[in-house]
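As structure tokens, the structure follows; a few thoughts come after it.
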Number of protein chains: 2
Amino acid sequence: MIAVPTRCIDCAVRDVALCASMSDDELRALSDMGRRRVLPAGQVVSWAGEPSSSCASVVSGALKATASTADGREQIVGLLFPGDFVGQPFQDDASLTVTTLVATDLCIYPRAGFEHVVDDHPRMERLLLERTLASLSQARGRMLSLARRSAKERVAGFLLELADHTGESGPDGIRVRIPISRGDLADYLGLTIETVSRQLTLLKASGVLGVARGGRDCTIRDRARLEGVAGPQ
Amino acid sequence: MIAVPTRCIDCAVRDVALCASMSDDELRALSDMGRRRVLPAGQVVSWAGEPSSSCASVVSGALKATASTADGREQIVGLLFPGDFVGQPFQDDASLTVTTLVATDLCIYPRAGFEHVVDDHPRMERLLLERTLASLSQARGRMLSLARRSAKERVAGFLLELADHTGESGPDGIRVRIPISRGDLADYLGLTIETVSRQLTLLKASGVLGVARGGRDCTIRDRARLEGVAGPQ
DNA sequence: CGAACTGTTGAAGTTGATCAAGTCCGGTGG
DNA sequence: CCACCGGACTTGATCAACTTCAACAGTTCG
């Protein structure tokens, strides 16, 4: 871990993270408490079952939040990107394991102190509430996908989400980079590695998708057809 | 719909619904706005896609919140019981369809007015935040189940949840009443009616579960064994 | 009684998981 | 530079679980 002393005002996510709800002056309370840390890929930030002692904002990088059964079956219940909030305030034990997927820069607050700031800053509390409601909506949408959509629909839907979120239009379609490994993608979509791989191969074979070597960089060549594969909605 | 004029102070869920966060005096604001309505079973309270114009507290009865694909596949993403909050504040369009499962008594507020009350009552906002965080945790647990647990585990797990929530110990085990139809249970567990029925039959055959005629009233004869079937956690 | 539901059971069909080889690729060291 | 190694990904064959389709039984209520 490397400490990264920085002023909040200069922070890359000053306007998108929860801090966006606070004036520069108000930020002092958070700022004094927050500790910037750069973690390498694959580092566990919080273990399910352990006391949840801190919260954080993602400044750069990416993380996964996983729930798992006692016998090791795993499900990624959320992916976290810059500006997202990490942690479970008002809850004594963490129910999720949070792990960095790539080198990740976090702004970490002690949970108790963070809760205190929330107490004192209604606008931040409101923002947290709205974000939590949005996460809940998203989680419910994913419940529907996990329970009712086919493997093909899930994979296609994921690519479309990526396209909407980080896609860049290139010469022969929309270029997207799958930000996680096949294994993590399988854990996210509720499938196995093999099934994910096969579905991507099918999309490639049908000409809808181009997959560059390495398997991470893709080109959506025919969005309309991909939407057809993804099924309704 | 039948109007049920009542004073909040006498309300059955005065101490468990969101109103528990408010003093008797403060309740006046909500009280003036709230409208009690008794709806029959099978009534849609809010349609996915339509503007979400109201919120409510469940006073008695039960409802289901469903998400569905455009081609009609359905998933129940939440069951709602007395004291629970219904609705999606701070969101203009409903993403879920909410339907009564049995005759249900609701205390309905116009959404705008409700949001206003939340603005003015930090304790209510905090309670709403905590409940939303709890719902999110629950939704994530269900994502894990829907994606990774077998039909057998889901059915057994559901019965155990019921036992913990509403079970009464009887002479030959824990008596539980399945509060919904096989169809709704299937929609909740992410299975088909037939699979749910078969799993219940298997549990009955193995002596773990007693099922009375009608199929709704069950007796968990061997909780330990049922927990074994439900799998880890 | 009989109609309409709701639930159960059976047989066949699919989907995706599992098991088992491969292949591709980046990195290391001879 | 190339051989080798290990991890990530792909592909193939088989298998089990769950769905689908279809018929039947039980319950409720006119």
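Order of the sequence lines sets the chain letters (A, B, ...), proteins ahead of strands, with each chain counted from 1.
- Contact annotation for A/R154: no contact, since no heavy-atom pair falls under 4.0 Å across all strands.
- Atom CD in A/E194 sits roughly 13 Å away from atom C1' in C/dG22 (whole-Å rounding).
- Geometrically, A/R154 does not engage A/Y188 in a cation-pi contact, judged by NZ or CZ lying under 6.0 Å from the ring centre and within 45° of the ring axis.
- The distance between atom CZ of A/R149 and atom C1' of D/dT19, rounded to the nearest whole Å, is 18 Å.
- Phosphate contact (OP1/OP2 of D/dT19, side-chain N/O of B/T192, threshold under 4.0 Å): present.
- Nucleic acid contact class of A/L200 (heavy atoms, under 4.0 Å, all strands): none.
- Taking atom CZ of residue B/R73 and atom P of nucleotide D/dT19, one finds them 13 Å apart after rounding to whole Å.
- Within 4.0 Å of B/R216, counting heavy atoms only, lie sugar-phosphate atoms of the nucleic acid but no base atom.
- Counting only heavy atoms from C-beta outward, the side chains of A/T66 and A/S68 never approach each other to under 4.5 Å.
- Between A/K204 and B/V196, the one whose closest nucleotide on DNA chain D sits nearer the 5' end is A/K204.
- What separates CD1 of B/I193 from C1' of D/dC18 is a distance of 15 Å, to the nearest Å.
- Nearest to the side chain of A/S150, among D/dT11, C/dG16, C/dG7, sits C/dG16.
- The closest side-chain donor-acceptor pair between A/R111 and A/S52 falls under 3.5 angstrom.
- Under 3.5 Å, the side chain of A/R198 and the base of D/dG12 form at least one donor-acceptor pair of N or O atoms.
- D/dA16 atom P lies 16 Å from atom CD of B/Q199, rounded to whole Å.
- Within 4.0 Å of B/T201, counting heavy atoms only, lie sugar-phosphate atoms of the nucleic acid but no base atom.
- Using a 4.0 Å cut-off, no side-chain N or O of A/T195 falls inside it from OP1 or OP2 of C/dG16.
- Rounded to whole Å, atom C1' of D/dA8 lies 13 Å from atom CD1 of A/I178.
- The CG atom of B/D184 sits 12 Å away from the C1' atom of C/dT6 (whole-angstrom rounding).
- For B/R198 and B/E194, the salt-bridge test fails: no basic side-chain N is under 4.0 Å from an acidic carboxylate O.
- B/R148 places its CZ atom 10 Å from the C1' atom of C/dA17, with the value rounded to the nearest Å.
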Before giving the answer on side chain to side chain contact (heavy atoms under 4.5 Å, CB included), spell out for A/S54 and A/F114 the whole-Å C-alpha distance, their side-chain angles and the decisive distance to 0.1 Å.
CA-CA 8 Å; A/S54 49; A/F114 176 81; over 6 Å; no
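- Backbone-only contact: A/R213 has heavy atoms under 4.0 Å from sugar-phosphate atoms and none from a base.
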